[in-house]
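Heads up: the structure comes next, in structure tokens.
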Protein chains: 2
Amino acid sequence: MAAAVARLRSAGERVTPARYAVLHVLDAAGLADEHLTAEQIGTRVADVEPSVHRATVYRTLTSLAETGVLSHVHLGGSATVYHLADPEPEHHHEHGHAHVQCHVCGRVLDVAPDVFDGVAARLRDDLGFVLDTGHAALLGTCRDCRTP
Amino acid sequence: MAAAVARLRSAGERVTPARYAVLHVLDAAGLADEHLTAEQIGTRVADVEPSVHRATVYRTLTSLAETGVLSHVHLGGSATVYHLADPEPEHHHEHGHAHVQCHVCGRVLDVAPDVFDGVAARLRDDLGFVLDTGHAALLGTCRDCRTP
DNA sequence: ATCGTTGCAAAGCATTTGCATGCCT
DNA sequence: AGGCATGCAAATGCTTTGCAACGAT
């Protein structure tokens, strides 16, 4: 996360209390494998920096994503979630891990990046479509929500 | 599409001008492989039945989806799109086709249902997660939007 | 001192809902 | 006739934006 701050500075982006707090919140959430919505981030940021406005959280998330220190995942029918960007594995173009969401409990699960390799190859060959694996989540039902 | 109307009746659902018009619009769109948002459907319905209100279009889409005559696809960051349900191949689990969306031009492309079979198997085995292939679209860049 | 960032409030888009009326069955 | 479906308007949830004040470098 110190790396994230350094990355911001070297990109010519300013480091403000709001931005620092957002990074701090996302760092803590990442340790628990949580995926937070902008609203949730705003709430947690308020615990540390009560003066930070919701709109600022949104703008912060947008610019931090453009700088590449965090990523967002579009979920089907619910609010977008954010997490710190995965450390980039050298010369691999495809970004971080993939995600699936349970449409019963709403939980977001991480999926190893290589799970979608076959699909990505086939979409490229059949349709000329270059898949951005981590940018949106597929839906389904998680283990806990399948009635036991 | 006559089949869709019959299916509605046998499910005890009423067939109203609004519902008929929505089915008609989706049928025509399907022939052109179009995926329409609720708003687009509303506009086209208005050409035939000008008195139909937007809210009715939404309610109609919801109930027709519950009856199973149409499906919706959640897109990352843009409005949900609808299409007539695929004819069901007998006793298979809900296997409609899958979709991907280009985040440059917004176009939605159909993907053969079996493309995700490998992913679905691995998610089930590794995470106990049952994938609903057709319910959300992945994002990427289509052939036309890769700089020519 | 500069120019990016923020707070505020208000608008925006997609979608939903309460209520009284209307029409399919 | 009876009850679901509709029209209308207002509310919701998520996110963006115009503008003036503020503060990081």
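Chain A is the first sequence line, chain B the second, and so forth, proteins listed ahead of strands; every chain is numbered from 1. Values in this document were obtained by computation on a predicted structure and should not be read as measured data.
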Given atom [atom1] of [X] and atom [atom2] of [N], what is their separation to the nearest angstrom?
X	N	atom1	atom2	answer
His74(B)	dA14(C)	NE2	C1'	13 Å
Glu49(A)	dG7(C)	CD	C1'	14 Å
Tyr20(A)	dT5(C)	OH	P	18 Å
Arg9(A)	dG4(C)	CZ	P	17 Å
Leu64(A)	dG4(C)	CG	C1'	14 Å

Select base, sugar-phosphate, or nothing to describe what Arg59(A) touches, counting heavy atoms under 4.0 Å on all strands.
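Base contact.
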What does Thr60(B) touch in the nucleic acid at a heavy-atom separation under 4.0 angstrom: a base, only the sugar-phosphate, or nothing?
sugar-phosphate
Just N and O in the side chain of [X]: are any of them under 4.0 Å from OP1 or OP2 of [N]?
X	N	value
Tyr58(B)	dT15(C)	yes
Thr56(A)	dG7(C)	yes
Ser51(A)	dG7(C)	yes
Thr80(B)	dT15(C)	yes

Of Ala55(B) and Val52(A), whose closest DNA chain C nucleotide lies nearer the 5' terminus?
Val52(A)
How many angstroms lie between atom [atom1] of [X] and atom [atom2] of [Y], to the nearest 0.5 angstrom?
X	Y	atom1	atom2	value
His97(A)	Leu109(A)	NE2	CG	10.5 Å
Leu61(B)	Thr37(B)	CG	OG1	9.5 Å
Glu39(A)	Arg54(A)	CD	CZ	6.0 Å

Kindly assign one of parallel, tilted or perpendicular to the pair His99(A) and His35(A), based on the angle between their ring planes and the thresholds 30° and 60°.
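Judged by the thresholds at 30° and 60°, the geometry between His99(A) and His35(A) is perpendicular.
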Report yes or no: is there a donor-acceptor pair, N or O only, under 3.5 Å between the side chain of Arg54(A) and the base of dG7(C)?
no
Let's see if you can work this out: which of dT6(C), dC8(C), dC24(C) has an atom nearest to the side-chain heavy atoms of Ala18(A)?
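Side chain of Ala18(A) sits closest to dT6(C).
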Test side chain to side chain contact (heavy atoms under 4.5 Å, CB included) applied to Thr16(B) and Glu49(B), step by step:
CA-CA 11 Å; Thr16(B) 64; Glu49(B) 295 282 346; over 6 Å; no
Distance under 4.0 Å to a non-hydrogen atom of chain B counts as contact; along DNA chain D, which nucleotides mark the start and end?
dG2(D) to dA9(D)
Asp33(B) vs His83(B), test: side-chain hydrogen bond (donor to acceptor under 3.5 Å, both in side chains). Steps then yes/no.
CA-CA 9 Å; Asp33(B) 278 314; His83(B) 61 74; over 6 Å; no
Between Arg14(B) and His53(B), which residue's closest nucleotide on DNA chain D lies nearer the 5′ terminus?
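By nearest-heavy-atom nucleotide position, the 5'-most residue is Arg14(B).
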Arg143(B) side chain vs Leu127(A) backbone, donor-acceptor pair below 3.5 Å:
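Checked: pair present.
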